[in-house]
Amino acid sequence: MEDSARPTPADSGELPNGAGMAEDAVVAPDAGEAPEEGEESGIANDSETNAALGAEGEPSRALTMRELLGELKDSGEPSSGRSTLSEGNGIGSAGAERASQDSLQFSSHHDVAMDLINSVTGVDEEGRSRQRILSFAAKRYVSAIERNPEDPDAYYNWALVLQESADNVDPDSSSSKDSLLEEACKKYAEATRLCPTLYDAYYNWAIAIADRAKMRGRTKEAEELWKQAIMNYDKAVQLNWNSPQALNNWGLGLQELSAIVPARDKQTIIKTAISKFRSAIQLQFDFHRAIYNLGTVLYGLAEDTMRSAGPDVSPNDLYSQSAIYVAAAHALKPNYSLPLPYLKAGYLTAPPADNTIAPHKHWERSEFVLNHEGLQQVDASESPSSKPLGHMGRSKKYIKVAVEDIVSVSACSDLTLPPGAGLCIETIHGPLFLVADTWESLDGWLDAIRLVYTIFARGKSDVLAGIITG
């Protein structure tokens, strides 16, 4: 949920900075309706193009991608590589034959982009059918540009073809996808050079750059690409301030960038991201994706505050704000998950699982996670997000407390425990003592465990599980 989870941004990625999902839906980024899935809104292409094609019998303007791709549902698969779009759009069989003849004329021009488009076959029958229409559309826009090199709409629509083709590439062929997106960016650059007020071009250009950045992980190259995407979202918002999708994607781009830049710059970027999400919500109060993303970024800020701030700074307010927005997003569209596949994660000092009264020297500080099933120690050799709860190594026993076994939970000051804030979980099998790093962090564990138990006691564990698993 980049309009990616990008809780993970209603994109995708790891907490708190996974952003962004790119959609393949061909929609216009207006304030009326948010795309249904992903952190990044889909390609906008509703600008009416007016490039004269010049050939007798052909339309007086370049057909938009909405018109070309919309026919796929009505006409079925084109035969022999020719589109069966209606003649009312100016592309009947005669138009297809003319396009075939025209291919000889422009085969020496723009060959890199055309070769890339023609190399995409799609991964299934629907994909192949879609790609044939995209290839045909690309030839039309190339022809339009040859007749009128100053037509920004033709460049813009050609960029959309390239971007759509990139979405149609086999997922295992990342290099081909990147090359198509790079070519699309060049066409968007030319379109905006010819028409600096073309809002949709800046918006979709930013999405294309963001998709390229996602392929590069947390590298210096990715950092530069995210900065470019953010600049284009900025320009898009300047041209159309009434676009919650652009603001949401702008916030997601900042969120991704914050995970790459030096720590000294992170807080400023995160706060800017928060302001973009808030602005998106102010434009559209029920924009569930921006609401959810605001929850994720606040959660991430709370986690950073917990790790780096001094004892006088409390992240509790940030955690509370995060919970409000995540819950609100879930209420608007009940398919959002919490930040991680568990409610809370953190470090506790614990005795060996097979000897709960072991000497202090045998106690170890290790990671614990809590979800709707209970509290469990995490194998240090594995990331908690990469292993489902309950799947542990066989060579060592790990502490696990099922929520149905809990009788009570409380703080305790016991001199027999190692230094720190004592936690006592009374279970039907006896007490379990753990130690939190600080009394403040202990409050978070107490609240979270009590919350899970209360939900269990009211018979709502399945609801909580649904929120966590999405």
Side-chain angles (χ1 to χ4, degrees), residues 1-4 6 9-11 17 19-23 27-31 34-35 38-47 152 155-156 159-160 163 181-182 184-214 216 220-261 265-284 287 289-290 293-294 296-297:
M1 118 186 227
E2 203 157 37
D3 210 29
S4 50
R6 345 40 107 121
D11 170 339
N17 296 303
M21 302 180 186
E23 289 209 2
V27 297
D30 54 39
E39 31 109 337
E40 184 164 275
S41 297
I43 296 171
N45 60 46
D46 63 347
S47 91
Y155 277 105
Y156 169 67
L160 288 175
Q163 200 167 0
L181 290 171
E182 185 178 14
C185 290
K186 292 177 182 177
K187 304 302 178 281
Y188 284 131
E190 186 64 17
T192 54
R193 183 188 70 80
L194 294 168
C195 181
T197 59
L198 197 56
Y199 154 76
D200 286 350
Y202 283 108
Y203 177 81
N204 288 316
W205 187 4
I207 291 176
I209 297 171
D211 285 343
R212 297 191 69 206
K214 292 171 190 173
R216 288 160 172 79
K220 187 66 178 178
E221 187 179 5
E223 179 182 345
E224 293 305 314
L225 287 170
W226 281 118
K227 288 178 179 178
Q228 292 175 32
I230 288 164
M231 288 175 59
N232 281 319
Y233 283 130
D234 187 358
K235 185 66 175 179
V237 171
Q238 289 180 37
L239 293 170
N240 181 13
W241 62 268
N242 193 31
S243 174
Q245 285 84 356
L247 285 161
N248 178 61
N249 287 1
W250 189 357
L252 287 167
L254 289 161
Q255 204 172 347
E256 289 281 5
L257 180 62
S258 71
I260 304 174
V261 298
D265 301 326
K266 183 173 182 177
Q267 288 273 341
T268 300
I269 294 173
I270 285 293
K271 289 179 180 178
T272 306
I274 290 172
S275 72
K276 303 309 172 191
F277 292 134
R278 290 191 191 281
S279 296
I281 296 168
Q282 288 167 7
L283 287 175
Q284 186 175 330
F287 190 3
R289 185 177 307 152
N293 288 333
L294 180 53
T296 71
V297 76

Minimum heavy-atom separation for Lys187 and Ala159, please, with both atom names.
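The answer is CB-CB, 3.6 Å.
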Looking at Trp226 and Ala210, what are the two nearest heavy atoms and their distance?
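Looking at all heavy atoms of both residues, the closest pair is CZ3-CB, 3.5 Å.
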Partners meeting side chain to side chain donor-acceptor pair (under 3.5 Å) with [X] (sequence neighbours left out):
X	answer
Gln228	none
Asp265	none
Gln238	Asp234

Partner set under side-chain contact (heavy atoms from CB on, under 4.5 Å) for [X], not counting sequence neighbours:
X	result
Ser279	Leu247
Thr197	Cys195, Leu239
Lys227	Glu223, Glu224, Leu257
Ile281	Ala290, Ile291, Leu294

Could you check whether the rings of Tyr156 and Tyr188 sit parallel, tilted or perpendicular, using 30° and 60° as the cut-offs?
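Rings of Tyr156 and Tyr188: tilted, as their planes differ by 30° to 60°.
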Salt bridge (charged side-chain N to carboxylate O under 4.0 Å, His left out) against Lys235, all qualifying residues, sequence neighbours excluded:
none
Could you tell me which residues satisfy salt bridge (charged side-chain N to carboxylate O under 4.0 Å, His left out) with Arg278, sequence neighbours excluded, listed by chain and number?
none
Do Lys276 and Val237 come within less than 4.5 Å of each other through their side chains, counting heavy atoms only?
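No, side chains not in contact.
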Sub-4.5 Å side-chain heavy-atom contact between Gln282 and Phe287:
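Sidechains of Phe287 and Gln282: no contact.
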Just by distance, do the side chain of Arg216 and the backbone of Arg212 share a donor-acceptor pair under 3.5 Å?
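Yes, because the side chain of Arg216 sits within donor-acceptor range (under 3.5 Å) of the backbone of Arg212.
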